[in-house]
Structure formats: structure tokens, C-alpha cells
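As C-alpha cells, the structure follows; a few thoughts come after it.
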Amino acid sequence: MGCYPSKQVKTPGYEEPTVLAAETPFTVSEVEALYELFKKLSSSIIDDGLIHKEEFQLALFKNRNKRNLFADRIFDLFDVKRNGVIEFGEFVRSLGIFHPNAPVEDKIAFAFRLYDLRHTGFIEREELKEMVLALLHESDLILSDDVIEQIVDKTFSDADTKGDGKIDQEEWKAFVLKHPSLIKNMTLPYLKDITIVFPSFVLSSEVEDSEI
Amino acid sequence: CNLNAFDIISFSSGFDLSGLFEEK
């Protein structure tokens, strides 16, 4: 413990890897590797140690101006404090949900919040239609309004088992358990190899920095 | 029509977070 100085400059929102590792599926060395990744992402446009939405978009799309409904929603959910930026702790805890070993319940709950566009506590019909339209627009696909209505109707007839016109968390969970493919986006295989992709040199660099 | 709306949505590029892990 006494080997490493505690006063080196860290970015705002930095949290100790041991704390984050205890709360997530990541090991301490994986959290350290994620810090290397975080530093890259958070300095790509504005070098302030925080991931801004433009930096997130730049990483995802190689284009800081490309907007996408779902990328926006994911950014907003990562931004737990809702202050317009993603801090390191938020980044690690949120990515933890995408870890292959994260509990399925966490993935199901995250996907629900992702689709609850208006934060009503339900996935509503209009929201679902809006998301389908966004995907079609993004993909340059054209479906008639009738077909879109049919798709949304069919989904609701399967998922809205209480028949009240909206999907609550309980219905969502039952629906996903019947159709596990619905949360395939919630697992990122990369996270198992994060120390290979982003080897951490935290210990050696910290000691060197502090001794200079 | 047996398409599930959520499966359709999952094709969005906004869900592909792999860009975060590509070498910068």
C-alpha cells in the first residue's frame, strides 16, 4: 500500500480500481486497463478527463457529428449523474453491465431503461414505433406505415400480457426470457480481453511520475 | 407479420459499442 503515492493528478470522477472492481465483474487490472481506454476516449476532443457526447460519437462512428437515437440513449444512461459527461466511475460501472459475466437481470433492466425513452417507467407503443422508425431511417429502409403498425401491434400483443397498452418491467423481463436474442446487444465480448487490447502500465507510470 | 420490433431495433449502429475498443 505504501509503495504508491496517492497525490498524483487524477481526472475528476476518478475512482480507485479496487472500489470499481468490487462493484463490477472486472478485476482490478481490467479496471486499470479500462482507465487507459478511458483516458484515450476522454481526451479525443476536449482533454479534460471526461467523455463528452461528441467524443462518444467520434469513437462509435468515427464522426463527432453523427447522431443516433440509440447511441444517444446509451450515452445518457452511462451519464448517471446527468451532467452531460461520462466520468470514469460511470464508465466502468456501465460497461460492467455489458460484461459477458454480468447478471442477466442487470442487462434486462438496462435494456428496459434504454427503451423507456420518456422515462415513464414503461415502454409505450409510441416509443416503440419511434424506435422502429429511427432504425428504418438510419438504414434507409422504407416500410409502409401499415407494416410498421403491424410489427408494433404484434410485438405488443406478445409482450404486453396485461393488455394495458404499455410494457412494464415485469412484462419486459418475461418477454426477454422468452426471446433472449433481445439482449444480445447487452454483451460485449471485447470486455473479456480488455487487458490485452489496452494493457495497463498504471503501476510503473505512476511510480515514475511521482519520482521525477 | 412475425417480425419482432425489438429485434428490428437491435440492428441499429447505435448499439455497436465496438468502436470504443478500437485502437485510437
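In the text below, chain A, chain B and the rest are named by the order of the sequence lines, each starting its count at 1.
B/Ser13 places a side-chain heavy atom less than 4.5 Å from the side chain of A/Asn68. Between B/Ser18 and A/Tyr190 the shortest side-chain heavy-atom distance falls below 4.5 Å. A/Asn185 has its side chain out of reach of B/Phe11: every pair of non-hydrogen atoms, C-beta onward, lies at least 4.5 Å apart.
The salt bridge (Lys or Arg N to Asp or Glu O under 4.0 Å) search around A/Lys166 returns none, not counting sequence neighbours. With sequence neighbours excluded, the residues satisfying side-chain contact (heavy atoms from CB on, under 4.5 Å) with A/Glu23 are A/Val19, A/Arg93.
A 6.0 Å sphere centred on CZ of A/Arg125 holds more than 12 heavy atoms belonging to other residues, nucleotides or ligands. Heavy atoms from other residues, nucleotides or ligands lying under 6.0 Å from NZ of A/Lys173 number 12 at most. When the shell of 6.0 Å around NE2 of A/His179 is examined, it contains more than 12 heavy atoms from other residues, nucleotides or ligands.
Proximity to chain B is limited to the side chain of A/Ile194, based on heavy atoms less than 4.5 angstrom apart. Using a 4.5 Å cut-off between heavy atoms, A/Leu133 makes no contact with chain B at all. The contact between B/Asp16 and chain A is made entirely by backbone atoms, counting heavy-atom distances below 4.5 Å. Heavy atoms closer than 4.5 Å to chain B are found nowhere in A/Phe75, neither backbone nor side chain. Residue A/Leu141: no heavy atom, backbone or side chain, is found under 4.5 Å from chain B.
Distance check, rounded to the nearest 0.5 Å: CZ of B/Phe15 to CG of A/Leu114 gives 5.0 Å. Of the inter-residue distances, the one linking B/Ser12 atom OG with A/Leu69 atom CG reads 7.5 Å to the nearest 0.5 angstrom. The distance from atom CD1 of A/Ile151 to atom CG of B/Asn4, rounded to the nearest 0.5 Å, is 9.5 Å. Taking CD1 of A/Ile148 as the start and CD1 of B/Ile8 as the end, the distance is 8.5 Å to the nearest 0.5 Å. Between A/Leu37 atom CG and B/Leu20 atom CG the span is 6.5 Å, to the nearest 0.5 Å. Distance CD1/A/Ile167 to CZ/B/Phe6: 4.0 Å, rounded to 0.5 Å.
The residue among A/Leu135, A/Leu191, A/Asp153 with the most heavy atom pairs within less than 4.5 Å of chain B is A/Leu135. If you tally non-hydrogen atom pairs under 4.5 Å between each of A/Gln57, A/Glu138, A/Arg73 and chain B, the highest count goes to A/Glu138.
Within the structure, salt bridge (Lys or Arg N to Asp or Glu O under 4.0 Å) contacts touching residues 183-198 of chain A (residues at least two apart or in different chains) do not occur.
Between A/Leu60 and B/Gly14 the shortest heavy-atom distance is CD1-O, 4.5 Å. Closest non-hydrogen pair, A/Thr155 versus B/Ala5, comes out as OG1-N, 2.9 Å.
Residues of residues 98-113 of chain A lying under 4.5 angstrom from chain B, judged on non-hydrogen atoms, are A/Phe98 in numerical order.
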